[in-house]
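Take a look at the structure below.
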2 protein chains.
Amino acid sequence: MKNAKVNAQTIYESLKEMITCFDVRPGSRITETQVSEYFDVSRTPVRAALQRLEVEGFLNIRPKQGCFIRNIDLVTINNYYDVRLELESMVLRLISEGKNDQELIDLSNDWHPEQLNYGLEITDALKAAEEAFHVELSELSGNNVLVNYLRDISDKIRVVRRMGFPDENSVLFTYDDHYRICQLLLHKDLQQAIDEMKNHIRKSQDTANNVSLKQIYGKKSVFE
Amino acid sequence: MKNAKVNAQTIYESLKEMITCFDVRPGSRITETQVSEYFDVSRTPVRAALQRLEVEGFLNIRPKQGCFIRNIDLVTINNYYDVRLELESMVLRLISEGKNDQELIDLSNDWHPEQLNYGLEITDALKAAEEAFHVELSELSGNNVLVNYLRDISDKIRVVRRMGFPDENSVLFTYDDHYRICQLLLHKDLQQAIDEMKNHIRKSQDTANNVSLKQIYGKKSVFE
DNA sequence: GGAATGGATGTTGTATACAACGATGGATAT
DNA sequence: ATATCCATCGTTGTATACAACATCCATTCC
């Protein structure tokens, strides 16, 4: 890796990306020396990045032994989904009590099923946009604590969530769901908006549960 | 400070305690050198502790400038309380769907209004027990993600929460509330348990909003 | 043969020196 | 008097050396 402005921050971001995209295998071990040689820096900024990742729950540092990438655990993933369901419902409730109609209209238009702003292809950009929709929606709640927790959940379920696009049909459904939820909110139909959101999230959760984790664990790690 | 097994972990814990109890004033600046001299260690373990505290939101590290203790902000505190209300309701729902009757009975007995296990005096131990009750309750939900978020919330609202005991009466009410919530859950009366919990939490939130923050900001910082 | 021992190696934990950058204040020019 | 520049100092960021401990494996002892 070229040493173009590599610092603790960029190392942190790179490692986090590698971990959440499973470029390093869950359960595998990485050492500070390995990473520092990979990025061509000293151990100091690497340590900072690794320690932060440990606090955020992406890996586990065992004293004098090494850093072990956290295993995926379907029970925990489901726990995240359950909490997400509750918090996103809260988001909708707060939005319906506030007055952010213009922002809601904009968000709604972004996902208009006839405009297909993000295309129909299953690209990384589309998946990122799907994730961003939920974050932007939460920001309309006006509760930043809520936003931060939902961001954290997004980080933790990213991989399995991105497997929730098996075909183009699922993409169309996403446009429909997002658009409809916004419209229901605009028409102050909170309860149905919540129901739609729950279905929307449960769909993603179901595919997560059906995914064979073998395709994840089969990948080769970057640091091997 | 004597150098008896002072390491990054203990520095982290000490600093966190100081910050959440306002032994260091919000908004004030501390430097790595200050802290390292205070604990009589090098900057290295201090940096680890400070960086962790930054990730957890207790302070803000400005490059080449210093670490600034995060200010208390009543809006954010209220945001935490609002999310807490939602998540503790979820806890009750999950408990009512599970089967942890024995643990519930134990917890209930701990707070029996006629036994007064934790006394009537407004001590630190009592306040810690109040906090522990909610954590232990959440653990009965079986959802560890939920437990972690509630722990985080506890950390963030600790100070204002602990001001929610103005007199002995409030202590008695705490026994009543805790006991009643457990009993309602045991009798599968979920909705009323949730209502009681909401009242219980709102009481704490109200006192938080009425507290004059001056008594917090008036304290003298340890590192000055 | 099996268990205990001891050394070699690898890893994180800590101390320290230096680098990079921001802030401050005084000197100087206009 | 005011604005600009420059040097100094303080602070965090990084590199590196060393310390402490865990693990592994060969050797030794019974």
Side-chain angles (χ1 to χ4, degrees), chain A residues 1-16 18-19 24-71 221-224, chain B residues 1-16 18-19 24-71 221-224:
Chain A
M1 166 145 305
K2 334 315 166 260
N3 197 332
K5 289 269 188 182
V6 173
N7 55 23
Q9 178 68 22
T10 61
I11 294 170
Y12 160 76
E13 289 165 1
S14 300
L15 284 179
K16 183 171 161 184
M18 291 179 198
I19 294 173
V24 290
R25 184 157 25 80
S28 70
R29 190 185 80 148
I30 61 180
T31 68
E32 296 176 358
T33 308
Q34 274 179 339
V35 180
S36 66
E37 285 171 357
Y38 179 83
F39 287 104
D40 195 27
V41 291
S42 80
R43 279 176 51 213
T44 307
V46 172
R47 273 180 71 76
L50 289 172
Q51 285 171 350
R52 174 166 180 188
L53 288 167
E54 188 194 30
V55 174
E56 296 182 341
F58 292 101
L59 49 83
N60 190 258
I61 301 178
R62 291 217 281 255
K64 326 280 185 187
Q65 296 180 42
C67 303
F68 295 82
I69 309 299
R70 181 145 302 184
N71 274 299
S221 285
V222 169
F223 299 106
E224 285 174 1
Chain B
M1 169 144 304
K2 339 301 170 279
N3 198 329
K5 287 270 190 183
V6 173
N7 55 22
Q9 177 69 21
T10 61
I11 294 170
Y12 160 77
E13 288 165 0
S14 300
L15 284 178
K16 183 170 162 185
M18 291 179 196
I19 294 173
V24 290
R25 184 155 27 78
S28 70
R29 189 184 81 149
I30 61 179
T31 68
E32 295 175 358
T33 309
Q34 274 179 339
V35 180
S36 65
E37 285 171 356
Y38 180 83
F39 288 103
D40 194 28
V41 292
S42 78
R43 279 176 49 215
T44 307
V46 172
R47 275 180 69 77
L50 289 173
Q51 286 171 350
R52 175 166 179 187
L53 288 168
E54 189 194 31
V55 174
E56 296 181 341
F58 292 101
L59 49 84
N60 189 259
I61 301 178
R62 291 217 279 254
K64 326 282 184 187
Q65 295 180 43
C67 302
F68 295 82
I69 309 299
R70 181 144 302 184
N71 274 299
S221 284
V222 169
F223 298 107
E224 286 175 1

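The sequence lines fix the lettering, A, B, ..., with proteins before strands; numbering per chain opens at 1.
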So do the side chains of [X] and [Y] get within less than 4.5 Å of each other, counting heavy atoms only?
X: Val6(A); Y: Asp40(A); result: no
X: Asn7(B); Y: Pro45(B); result: no
X: Ser28(A); Y: Phe223(A); result: no
X: Ile69(A); Y: Arg25(A); result: no

Over how many whole Å does the gap from [X] atom [atom1] to [N] atom [atom2] extend?
X: Gln9(A); N: dT12(D); atom1: CD; atom2: P; result: 17 Å
X: Asn60(B); N: dT12(D); atom1: CG; atom2: C1'; result: 13 Å
X: Asn7(B); N: dC21(D); atom1: CG; atom2: C1'; result: 14 Å
X: Asp40(A); N: dA15(D); atom1: CG; atom2: C1'; result: 12 Å
X: Glu32(B); N: dC21(C); atom1: CD; atom2: P; result: 17 Å
X: Glu37(A); N: dA15(D); atom1: CD; atom2: C1'; result: 14 Å
X: Phe223(A); N: dT11(C); atom1: CZ; atom2: P; result: 14 Å
X: Phe39(A); N: dT14(D); atom1: CZ; atom2: C1'; result: 16 Å

Quiz item: Which residues pass the side-chain contact (heavy atoms from CB on, under 4.5 Å) test with Thr44(B), sequence neighbours left out?
Solution: Ser42(B)
Quiz item: For Thr31(B), what residues pass the side-chain contact (heavy atoms from CB on, under 4.5 Å) criterion, not counting sequence neighbours?
Solution: Arg29(B), Thr33(B), Gln34(B)
Practice problem: Mind running a 4.0 Å heavy-atom check of residues 44-59 of chain A against DNA chain D and sending the residues that fall below it, in number order? | Solution: Thr44(A), Pro45(A)
Exercise. Describe the nucleic acid contact of Ile11(A) in one word from base, sugar-phosphate, nothing, applying a heavy-atom distance below 4.0 Å.
Key: nothing
I'd like a table of atom pairs between the protein and nucleotides 22-24 of chain C - only N or O on both sides, under 3.5 Å - with the distance next to each one.
none

Quiz item: Considering only side-chain heavy atoms of Arg43(B), which listed nucleotide, dT11(C), dA15(C), dT16(C), is closest?
Solution: dT16(C)
Quiz item: Can you name the side-chain hydrogen bond (donor to acceptor under 3.5 Å, both in side chains) partners of Glu32(B), sequence neighbours left out?
Solution: Arg43(B), Arg47(B)
Quiz prompt | All salt bridge (charged side-chain N to carboxylate O under 4.0 Å, His left out) counterparts of Glu54(B), not counting sequence neighbours | solution = none
Quiz prompt | Nearest-nucleotide comparison on DNA chain D, the residue closer to the 5′ end among Ile61(B) and Ser42(A) | solution = Ile61(B)
Under 3.5 Å, side-chain donor or acceptor atoms of residues 56-65 of chain B against the rest of the protein: list the pairs with distances, not counting sequence neighbours.
from, atom 1, to, atom 2, distance (Å)
Glu56(B), OE1, Tyr12(B), OH, 2.7
Glu56(B), OE2, Tyr12(B), OH, 3.2
Glu56(B), OE2, Arg52(B), NE, 3.2
Arg62(B), NE, Gln65(B), OE1, 3.4

